[in-house]
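Single-structure report; data block below.
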Amino acid sequence: MAAAVTVTGLMAAGVLSGAGTAVAVDTPQTQGGATATINGLKTYGEAVIHEDGGDQRVSAGLFEMSVDGGGTLQTYCVDLHNPTQRDARYQETPWSGTSLGTNKDAGRIRWILQNSYPQVNDLAALARHAGTSGLTEQDAAAGTQVAIWRYSDGAKVDAVDPRAEKLADYLEKSARNVGEPQPSLTLDPPAVSGRPGDLLGPVTVHTNAGAVTVSPPADAATSGVRIIDRSGKVITSARNGSQLFFDIPEDAADGTAQLSVQASTTVPVGRAFASESRSQTQILAGSSESTVSATATAGWAEKGSIPAVSARKHCAKGGVDITTANKGDEPFTFRLMGTEHTVPAHASRTVSVPLQEDQAYDFTITGPHGFSHRFTGVLDCKTQGTITTETAQLRTEPSPVAVGGNTADTTNLAATGGSMITPMIAGVAIGLVVIGGMVLIVLRKRESTHGG
């Protein structure tokens with residue numbers, strides 16, 4: 001399966017209006033919440049990773065992200081051995097869509113976040129708990145990151161500064177399991193379907209915001225589609241637990257519509273952030289008031305099958321779960337990767353697609369009447385790899401270096417983590433240089449022969 005686009009934290013949703021309507025769906029694959037761009041490592045110290053290949057010194061601390069629509073996030077890395085791509089975009093993601101979903105110590109990481117810097121910004125008090133003094137912001141960030149890596153990656157890692165190391169030890173020993181935080185904003189389910197004249201839903205709002213703004217479909221004025229509550233009242237704002245319905249006119253032609261919700265809130269500490277590219281997974285340590293959003297889609301048809309399709313990356317299963325709910329009066333048969341699946345009328349089915357770790361995928365569900373829905377992404381569920389001195393870094397930030405060695409050149413990735421592809425690229429480059437030299441030697445010999 002070729003990967004044209006890679007998306008982490010997959011949640012795609014689409015609906016087909018079934019009776020003879022050809023629909024190709026390729027919607028943004030997110031589950032709602034905050035979307036942000038990583039700005040780089042901002043507050044950090046140094047740590048030493050102990051591996052079989054030798055010790056490796058890396059920068060360790062807090063990253064900063066800029067939220068789409070406004071807001072700033074602070075995060076720590078929970079994916080030590082992978083690089084952070086320059087300007088990578090991240091989406092708020094449930095733990096189940098990241099390595100945290102299969103990590104029995106994920107709750108301990110959240111405890112560390114709640115009980116250390118920057119949530120605890122009284123550095124003197126934090127130092128006393130750790131049995132040290134004179135703790136700086138850089139020490140606090142480094143010590144916290146080191147403690148997190150011990151649980152997120154099972155890494156043998158120490159902070160370089162003795163005060164940061166004291167803090168790391170204290171946090172590691174004190175950590176207790178805490179549950180996964182609720183999302184800042186999501187809609188469940190992300191896709192619904194039914195008949196014209198019916199109320200399609202409910203779509204339930206899950207949020208930590210006091211209120212969210214509900215926006216109807218863009219063509220609501222002409223299509224007549226309304227977003228209402230169960231009593232029939234038009235909804236323009238909602239709160240946690242609110243149930244939304246698509247009110248479809250009885251004479252509406254087969255079609256689809258989408259509602260969106262948006263709010264401003266602080267994203268809960270401990271929420272995971274996964275990238276749209278192969279960039280190391282992050283976990284939230286702090287949030288300003290930030291913009292969060294989510295969408296839900298509805299489809300309707302007068303007769304036939306009316307499927308609503310959604311997909312979710314499931315790290316515990318090592319693949320992607322594709323769920324199809326058929327609200328029509330006929331079975332819905334679709335093809336996925338060469339295999340046919342049938343969902344009876346008024347039923348729902350989930351098909352699990354197993355994938356290899358780091359496997360990019362790009363597959364399309366096809367069905368009757370031109371139904372087509374595409375899912376793309378990359379499975380990134382494990383922390384694995386090896387820190388390398390050749391790892392490229394952001395130009396404005398320090399590179400990891402072998403202890404006692406020289407600093408590597410900087411190019412395009414962030415300061416924590418490593419990349420196994422860089423040595424391969426270097427090897428290929430050396431091979432090309434050797435081949436080029438051999439070609440020159442052969443050409444010179446030929447010139448000498450012809451000239452003699």
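Computation of the quantities below employed the complete heavy-atom set of this structure, encompassing side-chain atoms and omitting hydrogens, waters and symmetry-equivalent molecules.
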Query - Partners meeting salt bridge (charged side-chain N to carboxylate O under 4.0 Å, His left out) with D321 (sequence neighbours left out) - result: K317
Requested in this report: To the nearest 0.5 angstrom, please state how far the OH atom of Y117 sits from the OG1 atom of T144.
Outcome: 9.0 Å
Query raised in the report: Which pair of non-hydrogen atoms, one from S275 and one from Y90, has the smallest distance, and what is that distance?
Result: N-CD2, 3.6 Å
Report summary line: Hits for side-chain contact (heavy atoms from CB on, under 4.5 Å) against A263, two or more places apart or cross-chain, chain-then-number order -> A209, V212, V292
Report task. Answer whether the closest heavy-atom distance between the side chains of T366 and F371 falls below 4.5 Å. Result -> no
Query raised in the report: After noting the C-alpha distance and the side-chain angles of L167 and S116, does the key distance pass the side chain to side chain contact (heavy atoms under 4.5 Å, CB included) rule?
Result: CA-CA 9 Å; L167 176 60; S116 191; 4.1 Å; yes
Report task. Could you tell me whether the side chain of S288 and the main chain of T72 form a donor-acceptor pair under 3.5 Å? Result -> yes
Which pairs of donor and acceptor atoms, one on a side chain in residues 335-343, lie under 3.5 Å apart (sequence neighbours left out)?
from	atom 1	to	atom 2	distance (Å)
R335	NH2	G338	O	2.9
T342	OG1	T333	OG1	2.9

Query raised in the report: Among all residues two or more places apart in sequence or in another chain, which pass the side-chain hydrogen bond (donor to acceptor under 3.5 Å, both in side chains) test with T207?
Result: none
Query raised in the report: Which one of L244, I235, T295, V225 satisfies the side-chain contact (heavy atoms from CB on, under 4.5 Å) criterion with L259?
Result: L244
Query raised in the report: Counting N and O atoms only, with roles assigned by atom type, does the side chain of T98 sit under 3.5 Å from a partner on the main chain of W95, one being a donor and the other an acceptor?
Result: yes
Query - Mutual orientation of the aromatic rings belonging to H129 and Y170 [parallel < 30°, tilted 30-60°, perpendicular > 60°] - result: parallel
Report task. Test T84 against Q280 for side chain to side chain donor-acceptor pair (under 3.5 Å), laying out the working first. Result -> CA-CA 5 Å; T84 302; Q280 62 185 198; 2.5 Å; yes
Query raised in the report: How close do L171 and G143 get, heavy atom to heavy atom, and via which atoms?
Result: CD1-O, 4.3 Å
Query raised in the report: Do any N or O atoms from the side chain of N103 and from the backbone of S99 form a donor-acceptor pair under 3.5 angstrom?
Result: no
Query raised in the report: Does a side-chain heavy-atom distance below 4.5 Å link I49 with V58?
Result: yes
Query raised in the report: Are V205 and L187 close enough, and set up right, to give a side chain to side chain contact (heavy atoms under 4.5 Å, CB included), and what steps lead you there?
Result: CA-CA 5 Å; V205 177; L187 295 174; 3.8 Å; yes
**Report entry** Criterion side chain to side chain donor-acceptor pair (under 3.5 Å) on S305 and N326, from CA distance to verdict
**Finding:** CA-CA 6 Å; S305 60; N326 179 15; 5.0 Å; no
Requested in this report: Go through the steps to decide whether D362 and R374 satisfy the test side chain to side chain contact (heavy atoms under 4.5 Å, CB included), and finish with yes or no.
Outcome: CA-CA 7 Å; D362 185 349; R374 182 184 182 198; 2.7 Å; yes
Requested in this report: Can you see which heavy atom on A164 is nearest to which on L135, and at what distance?
Outcome: N-CD1, 4.4 Å
Query - Shortest non-hydrogen contact from L123 toward A140 - result: CD2-CB, 3.9 Å
**Report entry** Spacing of E289 atom CD and S264 atom OG [to the nearest 0.5 Å]
**Finding:** 3.5 Å
Report summary line: CZ of R86 to OG1 of T37, rounded to nearest 0.5 Å, is 13.5 Å
Report summary line: In this structure, CZ of R349 is separated from CZ of F332 (nearest 0.5 Å) by 13.5 Å
**Report entry** Which atom of L73 lies closest to which atom of S287, heavy atoms considered
**Finding:** CD2-OG, 3.6 Å
Report task. State, without any angle test, whether T323 and T350 hold a side-chain donor-acceptor pair at a distance under 3.5 Å. Result -> yes
Requested in this report: Using atom types as modelled and distance alone, determine if a side-chain donor or acceptor of S152 lies under 3.5 Å from a backbone N or O of I148.
Outcome: yes
Query - Pairs satisfying salt bridge (charged side-chain N to carboxylate O under 4.0 Å, His left out), at least one member in residues 61-75, at least two apart - result: D68-R89
**Report entry** Closest heavy-atom pair and its distance - L185, A294
**Finding:** CD2-N, 4.0 Å
Query - side-chain hydrogen bond (donor to acceptor under 3.5 Å, both in side chains) against T236, all qualifying residues, sequence neighbours excluded - result: none
Query raised in the report: About how many Å separate NE2 of H206 and CD of Q182, when rounded to the nearest 0.5 Å?
Result: 8.5 Å
Report summary line: Hits for side-chain hydrogen bond (donor to acceptor under 3.5 Å, both in side chains) against Y76, two or more places apart or cross-chain, chain-then-number order -> none
Query raised in the report: Sequence neighbours excluded, which residues qualify as side-chain hydrogen bond (donor to acceptor under 3.5 Å, both in side chains) partners of T265?
Result: N208
**Report entry** side-chain contact (heavy atoms from CB on, under 4.5 Å) against L199, all qualifying residues, sequence neighbours excluded
**Finding:** I228, F245, D247
Query raised in the report: Any sub-3.5 Å donor-acceptor pair from R163's side-chain atoms to T132's backbone N or O?
Result: no
Query raised in the report: salt bridge (charged side-chain N to carboxylate O under 4.0 Å, His left out) with K156: which residues, sequence neighbours excluded?
Result: none
Report task. Answer whether the closest heavy-atom distance between the side chains of P217 and I227 falls below 4.5 Å. Result -> yes
Query raised in the report: Taking C-beta and beyond as the side chain, do P216 and R226 meet within less than 4.5 Å on heavy atoms?
Result: no
Query raised in the report: Which salt bridge (charged side-chain N to carboxylate O under 4.0 Å, His left out) pairs, counting each pair once, include a residue from residues 171-186, with sequence neighbours left out?
Result: R150-E172, E180-R271
Query raised in the report: When rounded to the nearest 0.5 angstrom, what distance separates NE2 in H346 from CD1 in I306?
Result: 8.5 Å
Report task. Taking atom types as modelled, find out whether E92 and S184 have a side-chain donor-acceptor pair closer than 3.5 angstrom. Result -> yes
Query raised in the report: Which pairs with one or both residues in residues 106-125 pass salt bridge (charged side-chain N to carboxylate O under 4.0 Å, His left out), sequence neighbours excluded?
Result: D105-R108
Query raised in the report: Is there a donor-acceptor pair closer than 3.5 Å between any side-chain N or O of D55 and the backbone N or O of V48?
Result: no
Query raised in the report: side-chain contact (heavy atoms from CB on, under 4.5 Å) with F273: which of V267, I283, V78?
Result: V267
Query raised in the report: Are the side chain of Q258 and the backbone of T297 linked by a donor-acceptor contact shorter than 3.5 Å?
Result: no
